[in-house]
Structure formats: C-alpha cells, structure tokens
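Encoded as structure tokens, the structure appears first; notes follow it.
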Amino acid sequence: MKPSQIVVRRTDGGRPLRFEGTLLTRVEGPRGPSERHEVRIYRTRGGRFVVVHSYRPAWDEDSFQAKVVPAVEWIPAVLAEFDVPPRIRS
C-alpha cells in the first residue's frame, strides 16, 4: 500500500500531527456501556510508528492522543500510557 499524507488532531494539548505513512491496524471497542475506544497504528515513511488513540465518552467530546515511537516494541507502553483497555490492546 502506498503511503498517504495523514493529519491527526490532538486534544491533549499537542499540535496536530502531520506525517506520511500507512495504516497498519485499526481496533475499536467499548470500555463500558457509554464509552468507545479506537486505536490506529501507522508506519511512517521514515520507518517510525505512530499510535493514535481516540476516546468517545457519551457525556463529552471526543478525545484524541497521538505519539510517535521509534520501534514497534514501544507500542504496548504507549497503549498503557493512553489508558487503552487491555482487551483492545491485545
């Protein structure tokens, strides 16, 4: 698959993240009856990985977090940092 230009909005105080990359995986699931989580993992053109977490509580606006890591081995730690539910992490 050919890399495309991607812009990730962040609501955790960070500026939008812009990069050229390819989506590797997308996982979505509930945390509870009124909450939804989505995780997307991209590989950048330069070989790094971008982890994007979006959280949708029923009572508030969507929340977006994103982090760039140098290697795939860092991804589990980022998912834990973002408080992604364990059943979505695996």
Side-chain angles (χ1 to χ4, degrees):
M1 179 173 243
K2 185 178 177 180
S4 59
Q5 189 67 30
I6 299 160
V7 179
V8 178
R9 180 173 69 117
R10 293 193 270 193
T11 57
D12 60 358
R15 294 181 4 205
L17 181 61
R18 301 171 192 277
F19 62 95
E20 194 169 311
T22 304
L23 179 66
L24 298 178
T25 191
R26 177 183 169 272
V27 180
E28 186 174 355
R31 181 173 194 161
S34 60
E35 301 176 2
R36 300 289 301 170
H37 288 265
E38 178 185 271
V39 172
R40 288 175 281 146
I41 299 175
Y42 297 90
R43 181 187 292 257
T44 69
R45 182 173 217 147
R48 295 192 214 173
F49 296 88
V50 178
V51 181
V52 179
H53 173 238
S54 62
Y55 168 65
R56 295 179 210 102
W59 60 88
D60 203 355
E61 293 184 22
D62 291 358
S63 172
F64 296 89
Q65 301 169 294
K67 192 168 210 171
V68 180
V69 295
V72 71
E73 293 82 13
W74 292 50
I75 293 173
V78 173
L79 296 175
E81 176 186 331
F82 288 168
D83 196 27
V84 174
R87 68 179 165 275
I88 296 173
R89 286 187 228 170
S90 50

Do L24 and L79 sit in the same hydrophobic cluster, where Ile, Leu, Val, Met, Phe, Trp and Tyr count as joined when their side-chain heavy atoms come under 4.5 Å apart? yes
Could you tell me whether the side chain of V39 reaches within less than 4.5 Å of the side chain of F82, counting heavy atoms only? no
Under the side-chain contact (heavy atoms from CB on, under 4.5 Å) rule, collect the residues that match up with P3, sequence neighbours excluded. E20, T22
Does R40 CZ have over 12 foreign heavy atoms under 6.0 Å away? yes
So if you build clusters from Ile, Leu, Val, Met, Phe, Trp, Tyr with side-chain heavy-atom gaps below 4.5 Å, do Y42 and L17 land together? yes
State plainly whether one hydrophobic cluster holds both V27 and L23, where clusters connect Ile, Leu, Val, Met, Phe, Trp and Tyr through side-chain heavy atoms under 4.5 angstrom apart. no
Looking at CZ of R10 and OG of S54, how far apart are the two atoms once the value is rounded to the nearest 0.5 Å? 14.5 Å
Side-chain polar contacts of residues 64-72 - donor-acceptor pairs under 3.5 angstrom, sequence neighbours left out - could you list them?
from: Q65; atom 1: OE1; to: H53; atom 2: ND1; distance (Å): 2.9
from: K67; atom 1: NZ; to: E81; atom 2: OE1; distance (Å): 2.9
from: K67; atom 1: NZ; to: E81; atom 2: OE2; distance (Å): 3.1

Taking all atoms of both residues into account, what is the closest heavy-atom pair of D83 and H37, and its distance? O-CE1, 4.2 Å
Salt bridge (charged side-chain N to carboxylate O under 4.0 Å, His left out) with R56: which residues, sequence neighbours excluded? E28, E38, D62
Please determine whether residues F49 and V78 belong to a single hydrophobic cluster, defined as Ile, Leu, Val, Met, Phe, Trp and Tyr linked transitively by side-chain heavy-atom distances below 4.5 Å. yes
Are V84 and W74 connected into the same hydrophobic cluster when the rule is that any two of I, L, V, M, F, W, Y join if their side-chain heavy atoms are below 4.5 Å apart? yes
